[in-house]
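All remarks here apply to the structure that follows.
All of these numbers come straight from a predicted model, not from anything done at the bench.
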Amino acid sequence: MNVSITYKLADKEDLPALIEVGDQLFDNPIKPERATEFLDDPRHHLIIAYANSHIVGMATGFHYVHPDKDPALFVNEVAVLDEYQNRGIGRELVKRLRKHAKQIGCTEAWVGTEQSNVGARRAYSAAGGTEDKEPFILIEFPL
């Protein structure tokens, strides 16, 4: 399958395509009101990959500020439909999300993933990331 992939920063015009791909690409079906809220928030960012008129990949992140640090981007999720994996789409999504973050003034970007997620680790490395040598511990707080 030799299909041309195009990439863009998502906006509200992409909402129907987001709803269509839903939980094939995201963890759950798209909630239109939450997607609209996300797209309206200037600190939330979504880069999408299209094959023809269908979304086949996405990378989300949000940038934040801190009283003693320059803005940073947290890469929240990256996903590519199974049939489009291993074509460099995930890597390109992360590169474009990083480029966007730099354009809006972020000085660094970071992401966490499981040690067992070899595909994600490979994509992040190919997109210019380096793994921290200290293990990362995730602590969750149910609310």
Item to check | Smallest separation among heavy atoms of I89 and V80, with atom names | outcome: CG2-CG2, 3.9 Å
Checklist entry - Roughly how far, to the nearest 0.5 Å, is CE of M58 from CG of L97? => result 11.0 Å
Item to check | Pairing residues for Y124 by the ring pair (Phe, Tyr, Trp, His ring centres under 6.0 Å) criterion, not counting sequence neighbours | outcome: none
Checklist outcome for this item: Smallest heavy-atom separation, V94 atom then A127 atom, equals CG1-CB, 3.7 Å
Item to check | Which residues share a side chain to side chain donor-acceptor pair (under 3.5 Å) with K12, sequence neighbours left out | outcome: D40
Next on the checklist: Test question: given the 4.5 Å side-chain rule for I, L, V, M, F, W and Y, name all other residues clustered with I137, or answer none.
Outcome noted: I139, F141
Checklist entry - Can you name the nearest heavy-atom pair linking I30 to G22, along with the distance? => result CG1-CA, 3.8 Å
Item to check | Test salt bridge (charged side-chain N to carboxylate O under 4.0 Å, His left out) applied to R43 - qualifying residues, sequence neighbours left out | outcome: none
Checklist entry - Of R96, R98, Q103, K102, which is the lone residue that meets side chain to side chain contact (heavy atoms under 4.5 Å, CB included) with H100? => result Q103
Checklist outcome for this item: Tightest non-hydrogen contact, residues T60 and L46, listed as CG2-CD1, 3.4 Å
Checklist entry - Who are the ring pair (Phe, Tyr, Trp, His ring centres under 6.0 Å) partners of Y7, not counting sequence neighbours? => result none
Next on the checklist: Membership question, hydrophobic clusters at under 4.5 Å side-chain separation (ILVMFWY): are L15 and Y50 in the same one?
Outcome noted: yes
Item to check | Worked verdict on R122 versus R91 for side chain to side chain contact (heavy atoms under 4.5 Å, CB included) | outcome: CA-CA 9 Å; R122 187 172 35 244; R91 173 183 59 228; over 6 Å; no
Checklist outcome for this item: Residues H63 and P42: closest non-hydrogen pair is CE1-O, 3.4 Å
Item to check | Qualifying residues under side chain to side chain contact (heavy atoms under 4.5 Å, CB included), relative to K31, sequence neighbours excluded | outcome: E33, R34
Checklist entry - In terms of ring plane angle, is the pair H44 and F38 parallel, tilted or perpendicular, where the classes change at 30° and 60°? => result tilted
